[in-house]
There are 2 protein chains.
Amino acid sequence: MLSFAEENYLKAIYHLAEQSGQSVSTNAIADELNTKAASVTDMIKRLSSKGVLSYQKYKGVYVSEAGKIAALQVIRKHRLWETFLVAKLKFNWDEVHEVAEQLEHIKSPLLIKRLDELLGHPKFDPHGDPIPDENGEYKEKPKTPLFELQIEQSGIVVTVQDDSPAFLQYLDKIGIYIGAKIKVIDKVEFDGSMEIQIDGRKTNFISKQVSENIWLTE
Amino acid sequence: MLSFAEENYLKAIYHLAEQSGQSVSTNAIADELNTKAASVTDMIKRLSSKGVLSYQKYKGVYVSEAGKIAALQVIRKHRLWETFLVAKLKFNWDEVHEVAEQLEHIKSPLLIKRLDELLGHPKFDPHGDPIPDENGEYKEKPKTPLFELQIEQSGIVVTVQDDSPAFLQYLDKIGIYIGAKIKVIDKVEFDGSMEIQIDGRKTNFISKQVSENIWLTE
DNA sequence: TATAATTTTTAGTCTAATCTAAAATTTTTT
DNA sequence: AAAAAATTTTAGATTAGACTAAAAATTATA
Ligand SMILES: [Mn+2]
Ligand SMILES: [Mn+2]
Ligand SMILES: [Mn+2]
Ligand SMILES: [Mn+2]
């Protein structure tokens, strides 16, 4: 049985490993969790001894098969709770992440089973992220970052890569939501910013940082 | 901000204080929480320094006004979650207590506000216990333990004093629920057991321990 | 390839929460 | 009112999780 802290580390390491594909460095973990490298070294030793990570001194860590299963269950709970908060408790999509960080650690298989049923077995959370099933399986929608689109190209928003309230509130303000249609009007090579049209109506200028975090499908 | 452990202690001490009306002893707390007296001494020092208990060495503790407010908010959350689990997730009344012990510690005022709204501001939980409002206020229904009724007297079940699965499953088995009508058919002076009729149909023999934990109104 | 810079680990401390064993205090019994 | 019994507190350890500072290992640079 993993503690809250252990689950948080494992989840963060799993996400970092997915992104990089390689072993995850101590510093990258410390950075992600706003903690110190020394604390990370302590924790990854503990997690390896529990069999969810494989660790070689100075070489970083990999997530084991058992670790992936455990991480995906935490992620499943996180995303189910976020979906519940929006669908049943009228939370805005920028209000759910912090609470889900707490709720994801509640231990009760029945609770998650029933929550999933109540929500009708949702496949995606309010930010467009896929919800793994009881077996940790999920399917991603094919998607590209808005940043990579060329002038005149367009797509439908399927997911946002940043869950921070600041980012989501900004998207609310300029009218971007999951399902919105975005067309690239102009791109500035110098700083990577672009002009976009949302749902064929509004036009906005957005920074590279923003366009990298909005992912689209055809 | 109280930790999980601190909230659990405070809640237990609040309940013990309500029952006795007097100061709560170290041993009574240790007993209630299945912990050791030495651990309790440590914790009550910490809770007094946080202002939620008043403590005199060797004299036991009282819950302060601030402590009562904090305790009632935890109790409110516990009972709202139990109500949610039964009303929305189809849990049986014997399955909710353990999960609510975890959920009661989630910190999010908005979550509790919305949960309360979703449930229609319920006044009682699945065991018949009153749910305090945002200000910690609640009203009890007038009630007497079944044990005190005389032969031929009857009443409606309003609450059960024991939330353990074993007890609640037994009540399910013999057909007792919140709202059931119970009539005393016979009482055995020797061991305090009694024969009762439930909803004018079934007849059962129940022990003193059981009749003390079922509370009725007219 | 030697030196410098960076990353990672180790060593030692700290706090919250728990425990056992022993000492101190209060309560009960003689 | 002593002595005995019970309760409560203290002292000292332990574990999880975090930190700082210093040492060790790795990587980059000259
Ligand atoms: Mn999230
Ligand atoms: Mn979390
Ligand atoms: Mn309960
Ligand atoms: Mn609890």
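Here is how names work: the chains are called A, B, and so on, in the same order as the sequence lines, proteins then strands, and each is numbered from 1. The structure displayed is predicted, hence computed values, not measured ones.
- To the nearest angstrom, P of dA25(D) lies 12 Å from NZ of K59(A).
- A parallel orientation is assigned to the rings of F4(B) and H105(B), their planes being inclined by less than 30° (bins at 30° and 60°).
- Backbone-only engagement by T26(B) is indicated by non-hydrogen atom pairs under 4.0 Å involving sugar-phosphate atoms exclusively.
- In this structure, V61(A) and I29(A) have side chains that are in contact, with non-hydrogen atoms separated by less than 4.5 Å.
- For dG17(D), the OP1/OP2 oxygens have a side-chain nitrogen or oxygen of S3(A) closer than 4.0 Å.
- Ranked by how close their nearest DNA chain C nucleotide is to the 5' end, M43(B) and A38(B) are led by M43(B).
- Looking at the side chain of R46(A), the nearest of the listed nucleotides dT7(D), dG17(D), dT10(D) is dG17(D).
- The side chain of N27(A) contributes no N or O atom lying less than 4.0 Å from OP1 or OP2 of dT6(C).
- Rounded to whole Å, the distance from CD1 on I29(A) to P on dT7(C) is 14 Å.
- Listed nucleotides dT8(D), dA18(D), dT20(D) differ in distance to K36(A); the shortest reach to its side chain belongs to dT20(D).
- Residue-level contact check: A5(B) touches the backbone only, with heavy atoms under 4.0 Å from sugar-phosphate atoms and none from bases.
- For Y9(A), the listed nucleotide lying nearest its side chain is dA18(D); candidates were dA18(D), dA17(C), dT18(C).
- With rounding to whole Å, Y55(B) atom OH is found 12 Å from dT7(D) atom C1'.
- What separates NZ of K45(A) from C1' of dT8(C) is a distance of 10 Å, to the nearest Å.
- Relative to the side chain of K57(A), the nucleotides dT9(C), dT18(C), dT9(D) differ in distance, and dT9(C) lies closest.
- Rounded to whole Å, the distance from CG on D31(B) to P on dT7(D) is 10 Å.
- The side-chain heavy atoms of D94(B) and S164(B), taken from C-beta on, include no pair separated by under 4.5 Å.
- Here dA18(D) presents its C1' atom at 15 Å from CD1 of I44(A), a figure rounded to the nearest Å.
- Relative to the side chain of Y58(A), the nucleotides dC19(D), dA17(C), dA25(D) differ in distance, and dA25(D) lies closest.
- Distances shorter than 4.0 Å separate none of the side-chain N or O atoms of S39(B) from OP1 or OP2 on dT18(C).
- Atom CD of E18(A) has more than 12 heavy atoms from other residues, nucleotides or ligands within 6.0 Å.
- What separates CD of Q56(A) from P of dT26(D) is a distance of 11 Å, to the nearest Å.
- No more than 12 heavy-atom neighbours from other residues, nucleotides or ligands sit within 6.0 angstrom of NZ on K90(B).
- D42(A) places its CG atom 10 Å from the P atom of dG17(D), with the value rounded to the nearest Å.
- Distances shorter than 4.0 Å separate some side-chain N or O of T35(A) from OP1 or OP2 on dC19(D).
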